[in-house]
Trainee: 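A single structure is presented below for examination.
To find a chain, count down the sequence lines: A is the first, B the second, and so on, and within it residues start at 1.
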Amino acid sequence: MPKKKENGLVGFLEIEKKWQQEWEKAKIFRVKEDKSKKKFYCLEMFPYPSGEGLHMGHAFNYTIGDVYARFKRMQGFNVLYPMGYDSFGLPAENAAIKAGIHPKIYTDRAIKNFIEQQHKLGLSYDWDRLVITKDPEYYKWNQFFFLKLYEKGLVYRKKSAVNWCPKCQTVLANEQVHSGKCWRHEDTDVEIKHLEQWFIKTTEYADELLRDLSKLNWPERIKLMQENWIGKSHGININFTINGKPWPIFTTRPDTIYGVTFMVISAQHPKLMELVTAKQKPQVEAFLKKLKSVSEKELEEMEKEGVFTGSYAINPITKEKVPVYIGNFVLAEYGSGMVMAVPAHDQRDFEFAKKYKLPIKVVIQPKDKKLDAKTMREAFVEEGILVNSSKFDGIDSKIAIEKISDFIEKQKLGKKTINYKLRDWLVSRQRYWGTPIPIVYCDKCGIVPVSESELPVLLPEKVEFGKGNPLATNKAFVETRCPKCKGKARRETDTMDTFFDSSWYFLRYCDNKNNKAPFIKEKVEYWNPVDVYIGGAEHATMHLIYARFFTKALRDMKMLKIDEPFPRLFNQGMLHGSDGFVMSKSRGNVVNPLDMIKKYSADTLRFYLVSQASPDKDTNWNDEAIEGSFRFILRVVNYFNKVKKGKSSAKIESKFNKTVKEFTDDIENFRYNLAIIKLRELFESLGEEESKEVIEGFLKLFSLFCPHICEELWHRLGNKTFISTAQWPKADENKIKPEFEQQDKALGQLKQDINHIIKIVNKKPKAIYIYVIPKEISLYDSKELEKAFSCKVQIMANNKAAYDPQNKASRAKPGKPALYIE
RNA sequence: GCGGGAGUGGCAGAGAGGACAAAUGCGCCAGACUCAGACUCUGGUGCCUUAGUGGCUACGAAGGUUCGAAUCCUUCCUCCCGCACCA
């Protein structure tokens, strides 16, 4: 790349390093709470520090955030812009084991590398507020919150059917299973295991989590994803009687109650065996055994299957006796874990009925045709008119839902209720690299929480990897005393899901060095909520739900005053390789940010990243476009080497102020790409001499994207302060004059026309004569044209004596002057 | 299957009822500079036609609303992303 060196690239890298050091030295990005200033909390989703270092997606994410932080800072806000590392977790543990080093060392190295690379990008973080989740100073407070939640009854331990990833060798939260696969292993089917695990009662807040979505300025699709994930549905619990005992079942379709021909209970239902008769036991056991050997994924694709329990249920409305089956398609965790089956009006029940030759009873007739149970090929699930439903016959099914529900409630046979798809958050993990759960098991006292004064429960460093959870085999860790009776006890060896760590880290930034409490109220209240949160969409139904839950729970413990942590969320787009595919090593389309910084400078990379497309859209890497970004920066530098400080024309003043106005608005709304276009256009119109206001103003706008070179140019202009903390230019609306734009347009059009003719006649013009209609004479400026074409230019209007050998003047039209070229 | 988003020039991507043959960048072409190249600068870049004109065809496809549509409506096609037996 020697050619780049000739253009001053070497200078670029030196300049960048110099200003990064100057910023650090002057600590200009350090902030304190200051009630006299308006605060702004700009936050990016903190990274998981992998050994691979920063990837382009990180660079993109942080550039978006840094531009915004710089913008708000220059606007006079007290800007909190912190960084931290989500440094616990399975990938580090696995990578460390593979590399034969301790996860702690592996992670420390990775973090050091990240910090260095982020410095190189010129990101304006307040590094004093660094938060590292794997440090005991941090995870101590995870344990603190765990105990608080436990005290509040929001943490419980329960045996249930849970998701198990055989590759991770641990259980997973519901949110971490994507289409039956582990979120970290796309090729690994999740298995169902029955284990006793720790859960957090996120469902306690299901309704509020759903309701408050409407308050949030988030991308619509993220809100929808959360809405679907929470999955609220209205229905009714109806009490069926089985073997003389009440068994409530949940349904959203009480209008079909007269069509129930059998019941299906989940194979995972904890009380399943109560229903199985001695006669049916062998068959049931065989069925359950078969189910156990299939993964959740296979289960999804499997045909509906079941087996008779031997028991019968009594329909409380019809008093009919229907058989109870066990089915593989009924979820134990949703509703009541058992369904009333209405094969005529539910596709799943229909398939099940067909397979086991169970009766089908039509109770809703469509308005346009007549159903016959014998000839039906699929369930009729739409609305219609009730039939075979005793006194409800003839009622519209939609109305019948209400009527029958009311009737059931009145008869005390059931109760209207609401159900959610959201399940409680399974937080325990059978792995080493995480926060130890601060619980002790005592033979006498049972489950005993570690007392707060004994926190943190330190994660032991000396452990043996390789055989399951290293904590479980670590005697020194496991063997302890009961906090209550002081007798022999065992420690909980499970660690917390790392999403626990990230559920409150944004609060810790506000008071990261506090060793008496997770944070003090005043600080957290000053900075929160986060004003803008920037990150990818992949956390829509994981981190973003957990953090919202955490915030609400802490609020109810009087530790916070806010209801929502992130009122405004910005999702950046995905950055793909130049081939359009996700960047991956195996595809060989990875572009490394550090390489690009070395080749073009950090300013260029930043500028390129946000100029390509709207930052919320997916884009492909483009090797040629970054060259273009680099060229533009070079042009700016060259211009600043030559420009004279003086006066700007009213025309430039107009353009400058208009640009400032629109640029500010674009940045505010994350339309960085459009802001850059306006900046380029302004730059193109700048002349050899411009006013201080215009020159410095331009530089300030530009500095959001290219802070290093702008800082350098700013100083070369004689400034002793930092441009990074300079005041944002204010647009003077009075100076914006639309006439100038008209002039520009007219002149541009005229230039094009002249060029066109020159091309046709194919010779250099000696003189250009322009005949305009009198009204428009002020639109055109001969000097500018003379400069552009380097020949004599004469502009005339209605001048009889004018030089016009070919009588062109008569062709002059409004907006279209006539021309004669010699 | 359900839900969401998107389809614009050689490419990336603006535009969201008139100022649109469509910003900006990249690419490409021509010219200037140069011994030459790179860099830089200037102009051009849908098709046909022309001393700056006029015409035609275009914004996934087909219809429709309107004096007027890339922009609004309907249907269809394609792609992307979520959820996926939630009773």
Trainee: Roughly how many Å apart are B:A58 and B:G9, using the C1' atom of each and rounding to a whole number?
Mentor: 9 Å
Trainee: Across the strands shown, which category fits A:Thr541 at heavy-atom distances under 4.0 angstrom: base, sugar-phosphate, nothing?
Mentor: nothing
Trainee: Could you tell me which residues satisfy ring pair (Phe, Tyr, Trp, His ring centres under 6.0 Å) with A:Phe352, sequence neighbours excluded, listed by chain and number?
Mentor: A:Phe262, A:Tyr325, A:Phe329, A:Tyr356
Trainee: Could you write nucleotides 8-14 of chain B as a row of B, S and -, 5' to 3', where a protein heavy atom under 4.0 Å of any base atom gives B, of only sugar-phosphate atoms gives S, and otherwise -?
Mentor: ----SSS
Trainee: Expressed in angstrom and rounded to an integer, what is the separation of A:Phe632 atom CZ from B:C39 atom C1'?
Mentor: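 The answer, rounded to whole Å, is 17 Å.
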Trainee: Any side-chain heavy-atom pair from A:Thr261 and A:Ile360 closer than 4.5 angstrom?
Mentor: no
Trainee: Could you tell me the separation between the CD atom of A:Gln226 and the P atom of B:C81, rounded to a whole number of Å?
Mentor: 20 Å
Trainee: Under 4.0 Å, heavy atoms only, any strand: does A:Arg348 hit a base, just the sugar-phosphate, or nothing?
Mentor: base
Trainee: Can you list the residues that meet the side chain to side chain donor-acceptor pair (under 3.5 Å) rule with A:Lys416, with sequence neighbours excluded?
Mentor: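 Scan of A:Lys416 (side chain to side chain donor-acceptor pair (under 3.5 Å), adjacent residues dropped) gives A:Asp406.
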Trainee: Quantified in whole Å, what is the P atom distance between nucleotide B:A62 and nucleotide B:U45?
Mentor: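 Their P atoms lie roughly 28 Å apart.
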Trainee: Got a sec, which residues hit side chain to side chain contact (heavy atoms under 4.5 Å, CB included) with A:Ser336, two or more places apart in sequence or on another chain?
Mentor: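 Side chain to side chain contact (heavy atoms under 4.5 Å, CB included) check on A:Ser336 returns A:Ile249, A:Phe250.
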Trainee: Quantified in whole Å, what is the C1' atom distance between nucleotide B:C76 and nucleotide B:G7?
Mentor: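 One C1' to the other, the span is 14 Å.
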Trainee: For this output row, return yes or no: ring centroids of A:Trp425 and A:Phe199 closer than 6.0 angstrom.
Mentor: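 Not under 6.0 Å, so no.
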Trainee: Of A:Asp349 and A:Glu684, whose nearest nucleotide on RNA chain B comes first from the 5' end?
Mentor: A:Glu684
Trainee: For a quick check of understanding: with a heavy-atom distance under 4.0 Å over all strands, which category does A:Gly335 fall into, base, sugar-phosphate or nothing?
Mentor: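 If one applies the 4.0 Å heavy-atom cut-off, A:Gly335 turns out to touch nothing in the nucleic acid.
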Trainee: Provide, to the nearest angstrom, the distance between the CZ atom belonging to A:Arg671 and the P atom belonging to B:U24.
Mentor: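 Going from A:Arg671 (CZ) to B:U24 (P), I get 18 Å.
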Trainee: Which base, if any, makes a Watson-Crick or G-U wobble pair with B:C76, both distances under 3.5 Å?
Mentor: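 Paired with B:C76, as far as the under-3.5 Å criterion goes, is B:G60.
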Trainee: Is A:Glu220 touching bases, backbone alone, or none of the nucleic acid, heavy atoms closer than 4.0 Å?
Mentor: nothing
Trainee: Could you state the atom-to-atom distance from CD of A:Gln268 to C1' of B:A87 in whole Å?
Mentor: 16 Å
Trainee: In chain order, what residues pass the side chain to side chain donor-acceptor pair (under 3.5 Å) check against A:Arg184, with sequence neighbours excluded?
Mentor: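 Testing A:Arg184 for side chain to side chain donor-acceptor pair (under 3.5 Å), a comparison that skips the adjacent residues, returns none.
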Trainee: Measuring only the C1' atom in each nucleotide, how far is B:G10 from B:A22? A whole number of Å is fine.
Mentor: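 It works out to 16 Å between them.
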Trainee: Could you identify the nucleotide paired to B:U53, looking across every strand shown and requiring Watson-Crick or G-U wobble geometry with both distances under 3.5 Å?
Mentor: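 B:U53 is unpaired by these criteria.
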Trainee: Report the distance from atom CG of A:Leu679 to atom C1' of B:U24, rounded to the nearest whole Å.
Mentor: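 Going from CG in A:Leu679 over to C1' in B:U24 covers 12 Å.
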Trainee: Excluding sequence neighbours, so at least two apart, what forms side chain to side chain donor-acceptor pair (under 3.5 Å) with A:Arg253?
Mentor: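 Here the qualifying residues are A:Asp255.
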Trainee: So what's B:C26 paired with, Watson-Crick or G-U wobble, going by both distances under 3.5 Å?
Mentor: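 B:G10 is the nucleotide pairing with B:C26.
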Trainee: What is the distance, to the nearest angstrom, from the CG atom on A:Asn228 to the P atom on B:G5?
Mentor: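 After rounding, the reported distance stands at 12 Å.
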Trainee: Which one is paired to B:G31, where only Watson-Crick or G-U wobble pairs with both distances under 3.5 angstrom count?
Mentor: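 The answer is B:C41, by the H-bond criterion.
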Trainee: Sequence neighbours left out, what passes side chain to side chain donor-acceptor pair (under 3.5 Å) with A:Asp603? Give chain and number order.
Mentor: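 Result, side chain to side chain donor-acceptor pair (under 3.5 Å) vs A:Asp603: A:His708.
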Trainee: Are the side chains of A:Glu681 and A:Thr659 in touch, meaning some heavy atoms are under 4.5 Å apart?
Mentor: no
Trainee: Which pair of heavy atoms, one from A:Leu172 and one from A:Leu426, lies closest together, and at what distance?
Mentor: O-CD1, 3.7 Å
Trainee: If you restrict it to nitrogen or oxygen atoms, what contacts under 3.5 Å exist between nucleotides 27-33 of chain B and the protein, and what is each distance?
Mentor:
unit_1, atom_1, unit_2, atom_2, d
B:G27, OP2, A:Arg631, NH2, 3.4

Trainee: Between B:A23 and B:C73, how far apart are the P atoms? Round to whole Å, please.
Mentor: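 To the nearest whole Å, 26 Å.
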Trainee: Looking at A:Phe683, is A:Arg635 sitting on its ring face, NZ or CZ under 6.0 Å from the six-membered ring centre and within 45 degrees of the normal?
Mentor: no
Trainee: Which is true for A:Leu224 with a 4.0 Å heavy-atom rule: it touches a base, it touches only sugar-phosphate, or it touches nothing?
Mentor: sugar-phosphate
Trainee: Find the distance A:Gln347:CD to B:A84:C1' and express it as a whole number of Å.
Mentor: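 Result: 16 Å.
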Trainee: How far, in whole Å, is B:G46 from B:C29 if one measures between their P atoms?
Mentor: 16 Å
Trainee: Would you indicate which nucleotide in B:A87, B:C81, B:A84 comes nearest to any side-chain atom of A:Thr252?
Mentor: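 It is B:A87.
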Trainee: For B:U65 versus B:U74, give the span between their P atoms, rounded off to a whole number of Å.
Mentor: 15 Å
Trainee: Roughly how many Å is it from CD1 in A:Ile545 to P in B:G82, rounded to a whole number?
Mentor: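 A:Ile545 atom CD1 is separated from B:G82 atom P by 15 Å.
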Trainee: Paired with B:U66: which nucleotide, if any, by Watson-Crick or G-U wobble criteria at under 3.5 Å for both distances?
Mentor: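 No nucleotide pairs with B:U66.
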Trainee: Just to confirm, is there a sub-4.0 Å distance from OP1 or OP2 of B:C86 to any side-chain nitrogen or oxygen of A:Tyr420?
Mentor: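 No, outside the criterion.
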Trainee: Can you tell me whether the side chain of A:Lys304 and the base of B:C85 have a donor-acceptor pair closer than 3.5 Å?
Mentor: yes
Trainee: Out of B:C41, B:G25, B:C86, which nucleotide sits closest to the side chain of A:Arg680?
Mentor: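 Selected nucleotide: B:G25.
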Trainee: Applying salt bridge (Lys or Arg N to Asp or Glu O under 4.0 Å), which residue pairs with at least one partner in residues 330-346 of chain A are found, sequence neighbours left out?
Mentor: A:Asp346-A:Arg348
Trainee: Quick one: label A:Val330 by what it contacts on the DNA or RNA (base, sugar-phosphate, nothing), any heavy atom closer than 4.0 Å.
Mentor: base
Trainee: Using purine N1 to pyrimidine N3 plus N6-O4 or O6-N4 for Watson-Crick, or N1-O2 and O6-N3 for G-U wobble, both under 3.5 Å, which nucleotide pairs with B:C83?
Mentor: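 Result: B:G1.
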